[in-house]
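Step one of this worksheet: look at the structure below.
Just so you know, these numbers use all the heavy atoms, side chains as well, and skip hydrogens, waters and symmetry mates. For reference, positions follow the sequence shown, starting with 1.
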Amino acid sequence: MLGIDSRTLKIAWTLFLLALVLILLYQIRSIIIVFALALFLAHLLTPLVDLLVRLFAGKIHRTASLAIAYVIFIGVIVSLGILIGSTIVQQASTLASKLPATIQSNPLERIPLPSWLEGERDTLNQSVDRGLQQLGASIIPNLSQAARDILSGLSGLLIVILIPILSFLFLKTGRELRLHLLSFFSDSSRPLVDSILDDLHAMLSQYIRALIFLCLATFCAYSSFLSLARVSYPVLLAAFAATLEFIPVLGALIGAVTIVLVSLISGYGHPIVVIAFLAVYRVFQDYVLSPYLMSAGVEVPPLLVLFGLLAGEKLGGIPGMFFSVPVIAALRTVLGRMRKSTYVV
């Protein structure tokens, strides 16, 4: 027919369907983000749920264990909010009230410079003044835009309520969903798909827990150092930097730059000490702590990370940057399992 053999038609039809699926996924990307966050939360709570199931084996239903796990999780979040949230809000309010006057002043005037830079103080003052003026004019719009990117057009109600509900359903019906998914494949390919799902579950669980530990480590290290060094707003800056750890590479850079800028405009007299600490901690985290927590199963080559960040930002903004590394790691996991298998696609 039309001089085209059936094999070529099948390939063209497959490519057309694949392109159609990708277009549909892009159109509903905001919904996918909600389900992905729910899946992340489910993997985060899985060890606690499994522990409760073992403790109450045969005594209570798994659903009750899920409910207890959620009560514990919510209790931890509320406790952290009470212990840390009030301090963060207070320091943020103080910074916001002092920022306009600080920007109009001359922060470098109170900071000793090296002798070789002392002759350029006036030039540096003008450069810093222009930078701070631009920062003050754009900080609120940038924060607002970041919030819109994070929410990806979704209301806060979906973030606060829908994600925990979906996560609960993932935990409750995860085994049934897996069996239902495997039923779509033939008996010959089912073992491969089952092993891929095992690998993805292990990879995602390890990545989420490692990311949480890295954020906690960053918050503890930054808040402790900034408090001991008597830098203004230590808890606020530590919480800001820890939150940005969810964004690979760029998040850590933005957090470090923000800490240095705030310490400068607040009149801290030893910025070199802050810069040195940030550099040492980054080396420790990137070459000791992160490889230990992530292990070889989650590590992604730097070039792929940068590509994922750029592509993710274009496709989904800040959420796209956050999901870039786990998506690339998941693709590597799937391809690695298929390469080891004797299954032929």
Side-chain angles (χ1 to χ4, degrees), residues 73-112 128-129 131-151 156 159-160 211-247 250-282 284-285 318 322:
F73 175 73
I74 294 173
V76 171
I77 296 299
V78 172
S79 300
L80 290 176
I82 294 174
L83 293 174
I84 302 174
S86 58
T87 303
I88 294 175
V89 171
Q90 180 182 4
Q91 292 184 1
S93 300
T94 304
L95 176 61
S97 63
K98 292 183 177 180
L99 187 60
T102 304
I103 290 176
Q104 294 177 0
S105 65
N106 189 355
L108 282 182
E109 201 65 40
R110 301 184 296 269
I111 300 175
V128 171
D129 183 64
L132 291 178
Q133 292 290 346
Q134 295 175 1
L135 176 64
S138 62
I139 186 170
I140 299 302
N142 286 340
L143 289 176
S144 300
Q145 182 61 43
R148 288 193 294 269
D149 290 341
I150 292 172
L151 295 178
I159 298 296
V160 175
L211 197 57
I212 295 298
F213 279 117
L214 288 175
C215 293
L216 291 175
T218 298
F219 176 78
C220 293
Y222 282 19
S223 60
S224 299
F225 169 79
L226 295 175
S227 298
L228 292 174
R230 298 186 179 278
V231 178
S232 301
Y233 323 110
V235 179
L236 173 64
L237 294 176
F240 180 74
T243 303
L244 288 176
E245 288 291 334
F246 284 98
I247 302 177
L250 293 180
L253 178 61
I254 294 172
V257 171
T258 302
I259 290 175
V260 173
L261 284 177
V262 172
S263 65
L264 283 173
I265 65 177
S266 60
Y268 186 69
H270 307 284
I272 300 300
V273 176
V274 176
I275 295 174
F277 167 78
L278 294 174
V280 170
Y281 179 80
R282 182 49 46 191
F284 167 75
Q285 177 165 308
I318 292 179
F322 167 68

| request: List the steps, then state whether side chain to side chain contact (heavy atoms under 4.5 Å, CB included) holds for T243 with F219. | output: CA-CA 9 Å; T243 303; F219 176 78; over 6 Å; no
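- The line from CG of L278 to CD of Q285 is 11.5 Å long, rounded to the nearest 0.5 Å.
- Atoms CD1 and CZ, on I212 and F246 in that order, are 4.0 Å from each other to the nearest 0.5 Å.
- Taking each heavy atom of S224 and C220 in turn, the nearest pair found is OG-O, 2.7 Å.
- Separation of atoms OG1 (T94) and CG (L236) is listed at 9.5 Å; rounding is to 0.5 Å.
- Counting heavy atoms from C-beta outward, P234 and Q91 have side chains that approach closer than 4.5 Å.
- Contact check for I259 versus F225: no side-chain heavy atoms found under the 4.5 Å cut-off.
- Residues L237 and Y222 form no side-chain contact, since every pair of their non-hydrogen atoms from C-beta on lies 4.5 Å or further apart.
- Taking CZ of F240 as the reference point, atom OG1 of T218 lies at 13.0 Å (rounded to 0.5 Å).
- Using a 30° and 60° split on the angle between ring planes, F284 and Y281 fall in the tilted class, from 30° to 60°.
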| task | Check step by step if side chain to side chain contact (heavy atoms under 4.5 Å, CB included) holds for I88 and Y233. | result | CA-CA 8 Å; I88 294 175; Y233 323 110; over 6 Å; no
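- Between V78 and the options L80, V76, I82, a side-chain contact (heavy atoms from CB on, under 4.5 Å) holds for only I82.
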| Stepwise, does the side chain to side chain contact (heavy atoms under 4.5 Å, CB included) test hold for V231 with F277? | CA-CA 13 Å; V231 178; F277 167 78; over 6 Å; no
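- Remark: I84 CD1 to S79 OG distance equals 10.5 Å, nearest 0.5 Å.
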